[in-house]
**Q** 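Provided herewith is a single structure, encoded as structure tokens, for subsequent inquiry.
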Amino acid sequence: SALDQFKSFVSTTKSAKGEFTQQQLTKSKTGKAAPVSSGSFVFARPGKFIWTYQKPYDQLLQADGDQLYIYDKDLNQVTVRKLGNALGSSPAAILFGSNDLEKNFTLSEAGERDGAEWLNAVPKTKDTTFEQIGIGLRGGVPVAMELKDQFGQVSVLKFSNFQRNPALGAQQFKFEVPKGADVVKQ
Amino acid sequence: CATTSTNVATVGAYRDSIDLNGRLAVNYQKDGKTESLNGNFSWAQRPGHVDVELVSPLGQTVATIAVTPGSATLTQAGRAPVSATDIDGLTQQALGWPLPVSGLRDWLQGYAVDAGGQRFSASPAHNSVTTRDGWRLRFVEWQNADAAQPAPRVIHAERAAAGDIQDLSIRIVVNPAGQG
């Protein structure tokens, strides 16, 4: 079942890396379908990850276990804030956070679809921008996530080239402020 | 790095109907602490109506704003819509910082009203102005700095603290058309 696959994933995957694509399913107000953004990710439990958007623009979300950094190349700004519960009930918490997922989410089976077994996760706290998160698993690893926000907008993440427990350098998650970027500490 | 271009060609004619997308970073002071918000925005403007969507970096809608000449409505994730006649006051009250929608209507296309009440149209060579209501604008980068009708790509808007309004800086990147 999806829950078994997910539990084994969480307990046996200490770190992972791979690529992702992301697309907003529902059309935005402008009526045009949002473009697909894509990039790469690497994570190590608990609370360490680098989520890099390469297309259509450079944007980086990085957590070193203590601080969360958001860097946007065009905005030329790095925002730094305590990681604390910033992960809370976000998709990052599901993939990269601590293992006790049931603390923040109510999990339920959502059957098989698109060649994957799906798990439904509903955040327990109401102060999140998510209404519901779907996780599709195949072969014991997440292959897709569907993020539904409070406005009914659905954003679909697809993972590829998912490598479990890769060799990671000690400084893998150390954040270097890009030259010339302004830093805003929250 | 800001391109200090010598192109004096000013932005194209102002358009009443325009769809723009981009990213913004808002830095402001709240109870003495620096607050920062990062996100994406979509801007759908028609004559007499602007729809703005504020979206988190991971793609979740945080708030939607609908502005018409007479009223403005703001809906935050998981909360009932809130309406007021003045959008800047509404966003200040609901989000903790004023999203200057009326100003943005001009700025996103490279226009502004300067301190003397005159219409300012930006160009790569002449890219900064202080607006009548105290915003210091800099059109830092352009979609194409040498174009006959350049369009803004990166805009910095800063407003010094005055009275109960606190320090506020907004950085905006407008995605090239078609990139959503």
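Lettering follows sequence order; numbering is per chain, from 1. Keep in mind that what you see is a predicted model, and the values were worked out from it rather than measured.
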**Q** Is chain B contacted by the side chain of A:Asp72, its backbone, both, or neither, given a heavy-atom distance below 4.5 Å?
**A**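 Just its side chain gets close to chain B.
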**Q** So what's closer than 4.5 Å to chain A heavy atoms on B:Ser56: side chain, backbone, both or neither?
**A** neither
**Q** Can you tell me how the ring of A:Tyr53 sits relative to the ring of A:Trp51, calling it parallel under 30°, perpendicular over 60° and tilted otherwise?
**A**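 Plane angle over 60°, so perpendicular.
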**Q** Measure distances from B:Arg153 to the heavy atoms of chain A and classify the residue's part below 4.5 Å as side chain, backbone, both or neither.
**A**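 Contact with chain A involves the side chain of B:Arg153 alone.
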**Q** Among B:Arg23, B:Gln76, B:Glu35, which residue forms the greatest number of heavy-atom pairs with chain A at distances under 4.5 Å?
**A**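 Max contact count across the listed options: B:Arg23.
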**Q** Can a side-chain donor-acceptor contact be found between A:Asn161 and A:Gln163 if the only test is distance below 3.5 angstrom?
**A** yes
**Q** Examine the side chains of B:Asn27 and A:Gln77 and answer whether a donor and an acceptor come within less than 3.5 Å of each other.
**A**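 Short answer, yes.
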**Q** Below 4.5 Å from any heavy atom of chain B, which atoms of A:Gln22 appear? Answer side chain, backbone, both or neither.
**A**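 It is the side chain, since no backbone atom gets that close.
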**Q** Can you tell if the side chain of B:Gln45 reaches within under 4.5 Å of the side chain of B:Leu20, non-hydrogen atoms only?
**A**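 B:Gln45 does not reach B:Leu20 side chain to side chain.
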**Q** Can you tell me if A:Arg164 has over 12 outside heavy atoms packed within less than 6.0 Å of its CZ?
**A** yes
**Q** Is chain B contacted by the side chain of A:Leu75, its backbone, both, or neither, given a heavy-atom distance below 4.5 Å?
**A**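 Looking at A:Leu75, backbone and side chain both touch chain B.
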**Q** Between A:Phe162 and A:Phe41, is a ring-ring contact (aromatic ring centres under 6.0 Å, His included) present by the stated rule, with each step listed?
**A** CA-CA 9 Å; A:Phe162 205 106; A:Phe41 64 88; 5.6 Å; yes
**Q** With a 4.5 angstrom heavy-atom cut-off, is it the side chain or the backbone of B:Val154 that approaches chain A, or both, or neither?
**A**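 The answer is the side chain of B:Val154.
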**Q** Kindly indicate whether the side chain of B:Arg119, heavy atoms from C-beta on, has any atom under 4.5 Å from the side chain of B:Tyr111.
**A**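 Yes. Closest side-chain heavy atoms under 4.5 Å.
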**Q** Select one option (side chain, backbone, both, neither) describing which atoms of B:Ala66 are under 4.5 Å from chain A's heavy atoms.
**A** neither
**Q** Given that the side chain runs from C-beta out, which part of A:Lys148 has a heavy atom under 4.5 Å from chain B: side chain, backbone, both or neither?
**A** neither
